[in-house]
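First comes the structure, then the notes that go with it.
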Amino acid sequence: MKELDRLPIPLLAWYRENARVLPWRPAPGGGALGDPYRVWVSEIMLQQTRVAAVLDYYRRFMAALPAVADLAAVEEDRLMKLWQGLGYYNRARNLQKAARQIMADHGGVFPGTYEGLLSLAGVGEYTAGAVASIAFGLPVPAVDGNVLRVVARLTGDAGDITKPETKRRMRGALEAVIPAGAPGDFNQAMMDLGAMVCLPNGAPLCARCPARGFCRALLENRTGELPVKAPKRARRVEARTVYLIFRRGRVALRRRPEKGLLSGLWEYPNEPGGGPGLLEEWGVTPLRLERGGTARHVFTHIEWQMEALIAQAAEDALPEGWVWAGREALRTLYAVPSAFQGFAHLVEEHICE
DNA sequence: AAAGCGGGGTT
DNA sequence: AACCCAGCTTT
């Protein structure tokens, strides 16, 4: 009998005792179904994002947009403000795109099949499997980073889990053992096990694991070597100048381009390299110009080393599309990514409105 | 198949 | 400083 065949019974028993209590989760262990909209929103927020980071965003989001029709109708700037700081902002745009698909193509009713879910914007194999199993009770695996790690160790599989082929193999193996009576509990139990017991970086808590009696990696003393993962590419460093331009107690903001990094969000004007000369190009005449210190922000693939220039503008004129933002507008209207958080105190000092 | 896309907690 | 997180889309 293979390791995965032996897993469901002890795993589900462990889950009944140890499941995390989460606002989008149905009562664990009873095989109850979750609400599709709530489960879906949570799954999108949780992509590449820890549970702890999601909780407050999820509560705010559901209070503001309690149903799929609300999401379909909300204005984009308000949507981005709800997502501000969570990262991977295309998730929010795809969320709305999918909500409009549901309204237009499915009569406002959530599609209840794996293929129907997969056709929604921003929903891939993992998310379709998660919603299908948790909200609709369908026996489909939901294979995320946690599950790949658990399966790699449990079965002693040394395949590179960053490769699609390895992921396909593990997903297929799970399809064969997922219990038809409680697929949602099984998938969530796998994720909880990965998040709480089968920890990454060679630090699993095997003594607490319901699979400790038959885990290949544990029995063969290979938990430190599994899973196998190809190294990530190094990030590049970019020096940028950030212009904090003030006028009558407000600060200048511009919208980032439609595509690429932080697309569509608002920012203090900034450019690679840069210097005082750019102000003139923008038609901004500085009455005073001073240095504002430095800040650093690390993305997955780029590191910004930023230096701020603080300028007092002589006139109201700004380039097309730029705005003057007061404290209230900055707080409630404009979504500014966390990359600029390092200069928030400077803005706070110079803004008066 | 590889690269782009955020931000923050943990080790 | 590296690793990783309830991944998806585009190239």
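It should be emphasised that the depicted structure is a prediction, and the values quoted were computed from it without experimental measurement. Numbered from 1 within each chain, the chains take letters A, B, ... in sequence-line order.
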Legend entry - With sequence neighbours excluded, residues passing side-chain hydrogen bond (donor to acceptor under 3.5 Å, both in side chains) with A/Arg331: A/Glu328
Inset, instruction - Quote, to the nearest angstrom, the P distance that separates B/dG4 from C/dA6. - result: 24 Å
Legend entry - Residue of the set A/Val151, A/Leu154, A/Val177 for which side-chain contact (heavy atoms from CB on, under 4.5 Å) holds with A/Glu3: A/Leu154
Can you name the atoms? Protein N/O to nucleotides 1-4 of chain B N/O, anything below 3.5 Å, with the distance.
unit_1, atom_1, unit_2, atom_2, d
B/dG4, OP2, A/Arg233, NH2, 3.4

Legend entry - Start and end of chain A contact along DNA chain C [non-hydrogen atoms, under 4.0 Å]: C/dC3 to C/dT9
Inset, instruction - Under 4.0 Å between any heavy atoms, over every strand shown, what does A/Arg93 touch: base, sugar-phosphate, or nothing? Just pick one. - result: nothing
Inset, instruction - Using the test salt bridge (charged side-chain N to carboxylate O under 4.0 Å, His left out), find all partners of A/Arg6 that sit at least two apart in sequence or belong to another chain. - result: none
Inset, instruction - For the residue pair A/His297 and A/Phe299, categorise the inter-ring angle as parallel (less than 30°), tilted (30 to 60°) or perpendicular (more than 60°). - result: perpendicular
Legend entry - A/Asp316 and A/Arg247: CA distance, side-chain angles, deciding distance, salt bridge (charged side-chain N to carboxylate O under 4.0 Å, His left out) verdict: CA-CA 7 Å; A/Asp316 287 337; A/Arg247 166 80 176 163; 2.8 Å; yes
Inset, instruction - State which residues pass side-chain hydrogen bond (donor to acceptor under 3.5 Å, both in side chains) with A/Tyr126; sequence neighbours excluded, sorted by chain then number. - result: A/Glu43
Inset, instruction - List for me each residue that meets side-chain hydrogen bond (donor to acceptor under 3.5 Å, both in side chains) alongside A/Glu303, sequence neighbours excluded, and say none if there are none. - result: A/Arg296, A/Gln305
Legend entry - Ion pair A/Arg78/A/Glu76, N-O distance below 4.0 Å: no
Legend entry - For A/Leu219, the rest of its hydrophobic cluster, which grows through side-chain links under 4.5 angstrom: none
Which atom pairs link the protein and nucleotides 7-11 of chain B when you take only N or O atoms and keep those under 3.5 Å?
unit_1, atom_1, unit_2, atom_2, d
B/dG7, OP1, A/Tyr89, OH, 2.7
B/dG7, OP1, A/Ser338, N, 3.0
B/dG7, OP2, A/His297, NE2, 3.2
B/dG8, N2, A/Arg50, NE, 3.2
B/dG8, N2, A/Arg50, NH2, 3.3

Inset, instruction - Calculate the interatomic distance between A/Gln84 atom CD and B/dG6 atom P; express it in whole Å. - result: 14 Å
Inset, instruction - Just call it for A/Arg235: base, sugar-phosphate, or nothing, with non-hydrogen atoms closer than 4.0 Å on any strand. - result: nothing
Legend entry - Ion pair A/Arg169/A/Asp157, N-O distance below 4.0 Å: yes
Legend entry - Residues which pass side-chain hydrogen bond (donor to acceptor under 3.5 Å, both in side chains) with A/Tyr334, listed by chain and number, not counting sequence neighbours: none
Inset, instruction - Flag the pair A/Lys167 and A/Glu165 as a salt bridge only when some basic side-chain nitrogen lies within less than 4.0 angstrom of an acidic carboxylate oxygen. - result: no
Legend entry - Sorted by number, the residues of residues 38-46 of chain A with heavy-atom contact under 4.0 Å to DNA chain C: A/Glu43, A/Leu46
Inset, instruction - Would you mind checking if A/Arg327 and A/Glu348 are paired as a salt bridge, meaning a charged N to carboxylate O distance below 4.0 Å? - result: yes
Inset, instruction - Pull out every residue in residues 111-145 of chain A that has a heavy atom closer than 4.0 Å to any atom of DNA chain B, ordered by number, or say none. - result: none
Inset, instruction - Sorted by first residue and then second, give each ring-ring contact (aromatic ring centres under 6.0 Å, His included) pair with at least one member in residues 9-34 of chain A; sequence neighbours left out. - result: A/Trp24-A/Tyr58
Legend entry - Pairwise P distance for C/dC8 and B/dG8, with rounding to whole Å: 22 Å
Legend entry - SB check A/Glu220 A/Arg222 (cutoff 4.0 Å): yes
